[in-house]
Amino acid sequence: MLKALLTDIDGTITDPSRRINTGAIDTIRSLVDTGIEVILASGNTACFMDALCKMIGTRGSFIAENGGVYRSGFTGTLQIHGDLSISKNALAAVQQHFQKTGTELDLYSPDYRFSDRAFARTVSPDEVRKVLSGFPVQVIDTGYAIHIQLTGINKGTALKALGEMLAIDPSDIMAIGDSVNDVPMLAGAGIGIAVANAHPDVKKIATYITRKEYGDGFVEAVEKYRSYFRAR
């Protein structure tokens, strides 16, 4: 029995241009209307996720900054994990490294991040990892941005913590994603779904791989398992 759905955003309920699939929105609302908890997960900021929850029509639970920040419902207190000071120090080292070659990093919403630091994929993720090899951080390449986050923080750790707050066991959650940073949440959920456009590492651990890509694949997955969902 599934009591909740956890879904990634970019590449999972969107199209390749990051436009949200309207069919995915309708599907999410149909679950919410029947009492199912729908949790949105992303590497984006908490304020972005709050707005997205309102516009899509969920109850407000989300995972942001790849697990570094999460919240239970609209009235819940924002939970912040990780160590922003460590992420900042690591970012400074990366900026110093690339400035030597005349490259400036394009930072993503630094004033609105509480746990990680993120920037555009205009530099090599592997080179960033090499620069930060002595730091207690992980370099996450989502395919849309490069994130610097404290080691051990991910969407899977947030799934477990948020599940406890919502009184939902991870085995009763279905997770859907496409990128490597989604692997921990798919592995930690009762059912893990990879949309057809997913990274090979995601497909390796998935319970089911959809035939369709992006948002259409999301809709396909929910419809396949809809009979498994039961409201609390």
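We use all heavy atoms of the structure for the numbers below, so side chains are in, but hydrogens, waters and symmetry mates are not.
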Whether the [X] and [Y] side chains hold a donor-acceptor pair (N or O, under 3.5 Å, no angle test) is what I'd like checked.
{"X": "Tyr208", "Y": "Glu220", "answer": "yes"}
{"X": "Ser61", "Y": "Glu37", "answer": "yes"}
{"X": "Asn21", "Y": "Asp216", "answer": "yes"}
{"X": "His147", "Y": "Gln138", "answer": "no"}

Can [Y] be reached from [X] by stepping across I, L, V, M, F, W or Y side chains whose heavy atoms are under 4.5 Å apart?
{"X": "Ile63", "Y": "Ile168", "answer": "yes"}
{"X": "Ile56", "Y": "Leu166", "answer": "no"}
{"X": "Val183", "Y": "Ile173", "answer": "yes"}
{"X": "Val69", "Y": "Leu84", "answer": "no"}

Would you say the side chain of [Y] lies within less than 4.5 Å of the side chain of [X], judging by non-hydrogen atoms?
{"X": "Tyr214", "Y": "Ile13", "value": "no"}
{"X": "Leu5", "Y": "Ile39", "value": "no"}
{"X": "Val123", "Y": "Val128", "value": "yes"}

Sub-3.5 Å donor-acceptor pair from the side chain of [X] to the main-chain atoms of [Y], do we have one?
{"X": "Thr58", "Y": "Gly60", "value": "yes"}
{"X": "Asn89", "Y": "Ser85", "value": "yes"}
{"X": "Arg230", "Y": "Ser227", "value": "yes"}
{"X": "Tyr144", "Y": "Gly11", "value": "yes"}

Would you list the atom pairs, donor with acceptor, under 3.5 Å between side chains in residues 186-195 and any protein atom, with sequence neighbours excluded?
none

Minimum heavy-atom separation for [X] to [Y], with atom names?
{"X": "Ile36", "Y": "Ala231", "answer": "CD1-N, 3.6 Å"}
{"X": "Ser115", "Y": "Gln149", "answer": "OG-OE1, 3.0 Å"}
{"X": "Met185", "Y": "Asp8", "answer": "CE-N, 3.7 Å"}
{"X": "Phe119", "Y": "Ile148", "answer": "CE2-CD1, 3.8 Å"}
{"X": "Asp141", "Y": "Gly143", "answer": "OD1-N, 3.1 Å"}
{"X": "Ile86", "Y": "Pro136", "answer": "CG2-CG, 3.9 Å"}

Take a 6.0 Å sphere around [atom1] of [X] and say whether it holds more than 12 heavy atoms from other residues, nucleotides or ligands.
{"X": "Lys160", "atom1": "NZ", "result": "no"}
{"X": "Tyr228", "atom1": "OH", "result": "no"}
{"X": "Met55", "atom1": "CE", "result": "no"}
{"X": "Arg211", "atom1": "CZ", "result": "no"}

Run the side-chain contact (heavy atoms from CB on, under 4.5 Å) test on Asn44 and Tyr112 for me, step by step, so that the C-alpha distance in whole Å, both residues' side-chain angles and the decisive distance to 0.1 Å come before the verdict. CA-CA 10 Å; Asn44 222 309; Tyr112 299 97; over 6 Å; no
Salt bridge between Glu223 and Arg226, side-chain N to carboxylate O under 4.0 Å?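 Salt bridge between Glu223 and Arg226, a charged N being under 4.0 Å from a carboxylate O: yes.
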Identify whether the distance between the nearest side-chain nitrogen and carboxylate oxygen of Asp126 and Lys130 falls below 4.0 Å.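 Judged by the 4.0 Å cut-off on N to carboxylate O distance, Asp126 and Lys130 do not form a salt bridge.
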Scan residues 173-192 for pairs that pass salt bridge (Lys or Arg N to Asp or Glu O under 4.0 Å), counting only residues two or more places apart or in two chains.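 Matches after skipping sequence neighbours: Lys155-Asp182.
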Within 45 degrees of the axis of the six-membered ring of Phe229 and under 6.0 Å from its centre: does Lys3 put its NZ or CZ there?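 Here Lys3 fails the 6.0 Å and 45° test against Phe229.
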Using the side-chain contact (heavy atoms from CB on, under 4.5 Å) rule, take Ile140 and Val180 through it: C-alpha gap first, then chi angles, then the decisive distance, then the call. CA-CA 8 Å; Ile140 305 168; Val180 175; over 6 Å; no
Taking only residues two or more places apart in sequence or in another chain, which ones pass salt bridge (Lys or Arg N to Asp or Glu O under 4.0 Å) with Arg113?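 For Arg113 the salt bridge (Lys or Arg N to Asp or Glu O under 4.0 Å) partners, ignoring immediate neighbours, are Asp116.
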